Amino acid sequence: MSKEKKQKKPKIKLGKLEKREARMGYLFVAPWIIGVLLFLLIPLGQSFYYMWFNIRITPLGTVYNYVATQNFTQIWMENPEFPQQLVTYIWQTIVQVPVIVVFALLIAMMLNGKIRCRGFFRLIFFLPVIIVSGPVMNMLVEEGAATIPSMNVQSIVNAFDQFLSHSLAESVGEIFSNMIMTLWYSGVQILIFLSALQKLDPALYEAAKIDGGSNWECFWKITLPTIKPMILLNAVYTVIFLSGNEQNSLINMIESAMFSGTKEKGYGYASAMAWMYAIVITLIVLLFFLLLGSKKDAYDRQIKKVKRAKKKELRMEKRIERRGKRNVKKLEKARKKRKYKTYDGSGDY
């Protein structure tokens, strides 16, 4: 059986307009690529290299002393504050992210409704994102603007401490103590949810209302499944924002270790802390991805199952066909060697 040669697909030449559009696309993407190379990949590689060394800056230059995993052991054995802060950060992030995302979704749904001065209210909720950043945030926190003075946080912690672990109760109390600052962090999430809600087709709600669906059922059956990818996006954005915020004690700890003048600490020590912190952030992001990631529809799974069954049947048919051709060839060879005699009709072979 001769093998059929695969026909090569003809190359489609792009026109002048398509080539120009492609060049413009590369031109618009170029700043992002340059930024990733200069401010992400290169520093990432440098920090990965630094964490295996004890780096000291001397008048004669930078001295690199290879210490292998000594920076990691030093952090866990001689710096108990870092593991404690890391555990506190994990609990606070796991609790704060759902609070911020749910609050942003509720505010976005209210701002998407037909209310008076809707643009003004949208400005109010997004204004803290522009104003409260950097030194302004530090000044407001120092003045106590991020807390509610009339709220008794200790009583809340004692109430949660009865049916939760002490560390988790303290994390919940920390959220209540910084409630104002937590709500300030939801400006971008509100904007993302608002843009997703505005793209929903009103005909879906009209059809559901005709079938007798309530607003609660429309929310669970139409709104929530449609904007589920945006929920995951906002959860990941919130994790990254809280992890790199200036109010994060771990960021301040890594920064102080980097610029420490002691012999044990320095760039290598801080790089080891940063990489452990980055691994924890990645695990938290993966956790929210597993919880909120889009699962395949049952109809799509059934279609793929049918396609796999058809492919299996085709493979079986081809296998049977090849086996039949091999058997025919064997019979022809046997007849040529006169291993089998034909029947002549007289009763003899």
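This chain uses plain numbering: 1 for the first residue, then up along the sequence. Note that the structure is a prediction, hence the values are computed from the model and not measured.
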Exercise for the section: Decide yes or no for Gln189 and Thr238: does some side-chain heavy atom of the first lie under 4.5 Å from some side-chain heavy atom of the second? Expected result: yes
Fill in the blank from the handout: Between the CG atom in Leu224 and the NZ atom in Lys228, the distance rounded to the nearest 0.5 Å is 8.0 Å
Completion exercise
By salt bridge (charged side-chain N to carboxylate O under 4.0 Å, His left out), Glu321 pairs with (sequence neighbours left out) Lys325
Practice task
Could you tell me whether the side chain of Leu242 reaches within less than 4.5 Å of the side chain of Asn248, counting heavy atoms only?
Solution key: no
Practice task
List the steps and the verdict of side chain to side chain contact (heavy atoms under 4.5 Å, CB included) for Leu250 and Thr88.
Solution key: CA-CA 10 Å; Leu250 286 170; Thr88 304; over 6 Å; no
Handout entry: Asn71 side chain to Tyr50 side chain, donor-acceptor N/O pair below 3.5 angstrom
Key = no
Exercise for the section: Say whether, by atom type as modelled, one donor and one acceptor occur between the side chain of Glu217 and the main chain of Ser214 under 3.5 angstrom. Expected result: yes
Fill in the blank from the handout: To the nearest 0.5 Å, atom CD1 of Ile227 lies from atom CD1 of Ile222 at 12.0 Å
Exercise for the section: Taking atom types as modelled, find out whether Ser243 and Tyr89 have a side-chain donor-acceptor pair closer than 3.5 angstrom. Expected result: yes
Exercise for the section: Look up atom OG1 in Thr93 and atom CG in Leu287, then write down how far apart they are to the nearest 0.5 Å. Expected result: 11.0 Å
Problem - Check: Asn79/Tyr269 side-chain N/O donor and acceptor closer than 3.5 Å - result: yes
Handout entry: Donor-acceptor contact below 3.5 Å, side chain Ser256 vs main chain Met253
Key = yes
Exercise for the section: Would you indicate whether the side-chain heavy atoms of Met109 and Asn112 approach each other to under 4.5 Å? Expected result: no
Exercise for the section: Give me the ring orientation class for Trp52 and Phe48: parallel if the planes are under 30° apart, tilted from 30 to 60°, perpendicular past 60°. Expected result: perpendicular
Handout entry: Beyond-backbone contact of Arg326 with Lys329, side-chain heavy atoms, under 4.5 angstrom
Key = no
Practice task
Would you kindly confirm whether Met51 and Val63 end up in one hydrophobic cluster when ILVMFWY residues are joined by side chain heavy atoms under 4.5 Å apart?
Solution key: no
Practice task
Taking the side chain as every heavy atom from C-beta outward, state whether Arg308 and Lys305 have any atom pair closer than 4.5 Å.
Solution key: yes
Handout entry: Heavy-atom closest contact (Lys265 atom, Asn54 atom, distance)
Key = O-OD1, 4.2 Å
Exercise for the section: Using the rule that two of Ile, Leu, Val, Met, Phe, Trp, Tyr join whenever any of their side-chain heavy atoms come within less than 4.5 Å, decide whether Phe72 and Leu86 are in one cluster. Expected result: yes
Practice task
Work out which heavy atom in Pro80 is nearest to a heavy atom in Pro83; give both atom names and the distance.
Solution key: O-CD, 3.3 Å
Exercise for the section: Any chance you could lay out the side chain to side chain contact (heavy atoms under 4.5 Å, CB included) test for Lys312 and Arg315, step after step, and finish with the verdict? Expected result: CA-CA 5 Å; Lys312 189 175 181 180; Arg315 288 197 298 267; 4.0 Å; yes
Exercise for the section: Give a yes or no answer on whether the side chain of Asn65 reaches the backbone of Phe53 with a donor-acceptor pair at less than 3.5 Å. Expected result: no
Exercise for the section: Indicate if Val36 and Val236 have the same hydrophobic cluster label, given that clusters are the connected sets of ILVMFWY residues with side-chain heavy-atom separations under 4.5 angstrom. Expected result: no
Practice task
Would you mind reporting whether Gln46 and Tyr267 have side-chain heavy atoms less than 4.5 Å apart?
Solution key: no
Under 3.5 Å donor-acceptor pairs involving side-chain atoms of residues 196-209, not counting sequence neighbours:
from   : atom 1 : to     : atom 2 : distance (Å)
Asp201 : OD1    : Ala203 : N      : 3.2
Tyr205 : OH     : Thr223 : OG1    : 2.5
Lys209 : NZ     : Asn215 : OD1    : 3.1

Practice task
For the residue pair Tyr64 and Thr62, establish whether any side-chain heavy-atom pair is separated by less than 4.5 Å.
Solution key: yes
Handout entry: CA sep, side-chain torsions, deciding dist, call: Ile240, Ile281, side chain to side chain contact (heavy atoms under 4.5 Å, CB included)
Key = CA-CA 8 Å; Ile240 302 302; Ile281 295 171; 4.1 Å; yes
Handout entry: Over 12 non-hydrogen atoms of neighbours within 6.0 angstrom of CZ in Phe219
Key = yes
Exercise for the section: Kindly indicate whether the side chain of Leu44, heavy atoms from C-beta on, has any atom under 4.5 Å from the side chain of Trp275. Expected result: yes
Exercise for the section: With rounding to the nearest 0.5 Å, note down the distance linking CD in Gln74 to CD in Gln70. Expected result: 6.5 Å
Practice task
Give the minimum heavy-atom separation between Ile190 and Ala108, together with the two atoms involved.
Solution key: O-CB, 3.8 Å
Exercise for the section: Decide whether Leu40 and Ile33 are clustered together by the hydrophobic rule: side chain heavy atoms of Ile, Leu, Val, Met, Phe, Trp, Tyr closer than 4.5 Å, transitively. Expected result: yes
Problem - Qualifying residue, where the test is side chain to side chain contact (heavy atoms under 4.5 Å, CB included) with Phe288 and the options are Val285, Ile284, Leu286, Leu290 - result: Ile284
Handout entry: Minimum heavy-atom distance between Ser47 and Ser271, given as atom pair plus value
Key = O-CB, 3.4 Å
Exercise for the section: State the CH2-NZ distance between Trp216 and Lys221, to the nearest 0.5 angstrom. Expected result: 12.0 Å
Practice task
Indicate the atoms forming the closest heavy-atom contact of Leu37 with Pro43, along with that distance.
Solution key: O-CD, 4.4 Å
Practice task
Starting from the C-alpha separation in whole Å, work towards a yes-or-no answer on side chain to side chain contact (heavy atoms under 4.5 Å, CB included) for Lys310 and Lys307.
Solution key: CA-CA 5 Å; Lys310 287 183 178 180; Lys307 288 182 178 179; 5.7 Å; no
Problem - Nearest non-hydrogen partners of Gly268 and Ile55, listed with the distance - result: N-CD1, 3.9 Å
Problem - Pairwise distance OG(Ser249) to CD(Gln84) - rounded to 0.5 angstrom - result: 11.0 Å
Handout entry: Val95 reachable from Leu106 in the ILVMFWY side-chain graph, under 4.5 Å edges
Key = no
